[in-house]
Amino acid sequence: MKKLLLLAIISLTLFSCEGPMGPQGVPGEGMYWKYYTYTVKSQDWELVNTADGLNTYYMFVFKNDDITDDLYLNGYALGYLVLSPGTNDEVITPLPYTIHRGSTDSQGNEILWTETFTYDYMPGSVAFYVQYSDFLQQQPEEMTFRLVLNN
């Protein structure tokens, strides 16, 4: 038994960790998390396009004073699309989000397109975008987004 105890003490001595202690955080400070839920009504989407009608997209900008210069430089903002908000089927999906769609016209011809939802942010605001691959100028429906800030 004494030999086992002696062996354990020697093992701990030989294999103990040494070295400088890692950096310590300031007491009471830590990560800053905050989230916002935004709803864009259908009539509020702004159409943006070029003179030739190409590169059309819809956008809406929200002011947000919590997106500070410090957050912009040292943190991040994550954008999400809320699908089926307020229902039992509600899900949140990260942006960018792309979905492929299809339907038929009045003559039975197949119509295919892609919808892409994106976002960007800068100090003081966040913008959400909707773009259709066929550049159709069709007002997007009401949509709900979530923005998570981390600094």
Legend entry - Side-chain heavy atoms of Tyr57 within contact of Asn55, under 4.5 Å: no

Legend entry - Results of side-chain hydrogen bond (donor to acceptor under 3.5 Å, both in side chains) for Thr37 - residues two or more places apart only: none

Legend entry - Residue pair Tyr121 / Asn64, side-chain donor-acceptor N/O under 3.5 Å: no

Inset, instruction - Supply the atom-to-atom distance Ile92 CD1 to Phe145 CZ, rounded to the nearest 0.5 angstrom. - result: 12.5 Å

Inset, instruction - Mark yes or no for whether Tyr119, through its side chain, and Gly79, through its backbone, hold a donor-acceptor pair below 3.5 Å. - result: yes

Inset, instruction - Measure the shortest side-chain to side-chain distance between His100 and Leu112 over non-hydrogen atoms and say whether it is less than 4.5 angstrom. - result: no

Inset, instruction - Using the test salt bridge (Lys or Arg N to Asp or Glu O under 4.0 Å), find all partners of Glu46 that sit at least two apart in sequence or belong to another chain. - result: none

Legend entry - Any residue meeting side chain to side chain contact (heavy atoms under 4.5 Å, CB included) with Ser106, in chain and number order, not counting sequence neighbours: none

Legend entry - Note, Asp120 side chain near Tyr129 side chain (heavy atom, < 4.5 Å): yes

Legend entry - Neighbour count above 12 (heavy atom, 6.0 Å) for Asp65 CG: no

Legend entry - Taking every non-hydrogen atom, the tightest pair across Pro96 and Thr118: CB-CG2, 3.7 Å

Inset, instruction - For Asn74, enumerate each residue passing the side-chain hydrogen bond (donor to acceptor under 3.5 Å, both in side chains) test, keeping only those at least two apart in sequence or located in another chain. - result: Asp70

Inset, instruction - Could you grab the distance from atom CG of Leu147 to atom CG of Leu78, nearest 0.5 Å is fine? - result: 8.0 Å

Legend entry - Point-to-point distance, once rounded to the nearest 0.5 Å, from CG of Leu81 to CZ of Arg146: 11.5 Å

Legend entry - Passing candidate, side-chain contact (heavy atoms from CB on, under 4.5 Å) with Phe128, options Leu95, Thr144, Val61: Leu95

Legend entry - Under the side chain to side chain contact (heavy atoms under 4.5 Å, CB included) test, residues paired with Gln139 that sit two or more places apart: Ser42, Trp45, Tyr58

Inset, instruction - Let me see the working for Phe62 and Val40 under side-chain contact (heavy atoms from CB on, under 4.5 Å), right down to the final yes or no. - result: CA-CA 9 Å; Phe62 288 98; Val40 182; 3.7 Å; yes

Inset, instruction - Mind listing the closest non-hydrogen atom pair of Thr68 and Leu71 along with its distance? - result: OG1-N, 3.0 Å

Inset, instruction - Measure the shortest side-chain to side-chain distance between Tyr38 and Val126 over non-hydrogen atoms and say whether it is less than 4.5 angstrom. - result: yes

Legend entry - Minimum-distance pair of heavy atoms, taken over all atoms of Tyr132 and Pro140: OH-CA, 3.4 Å

Legend entry - Over 12 foreign heavy atoms within 6.0 Å of CD, Glu141: no

Legend entry - By salt bridge (Lys or Arg N to Asp or Glu O under 4.0 Å) - contacts of Glu115 (at least two apart): Arg101

Legend entry - From Asn109 atom CG to Ser103 atom OG, the distance as rounded to the nearest 0.5 Å: 10.5 Å

Legend entry - side-chain contact (heavy atoms from CB on, under 4.5 Å) evaluation trace for Thr98 with Thr114: CA-CA 7 Å; Thr98 301; Thr114 300; 3.1 Å; yes

Inset, instruction - Measure the shortest side-chain to side-chain distance between Phe117 and Met143 over non-hydrogen atoms and say whether it is less than 4.5 angstrom. - result: yes

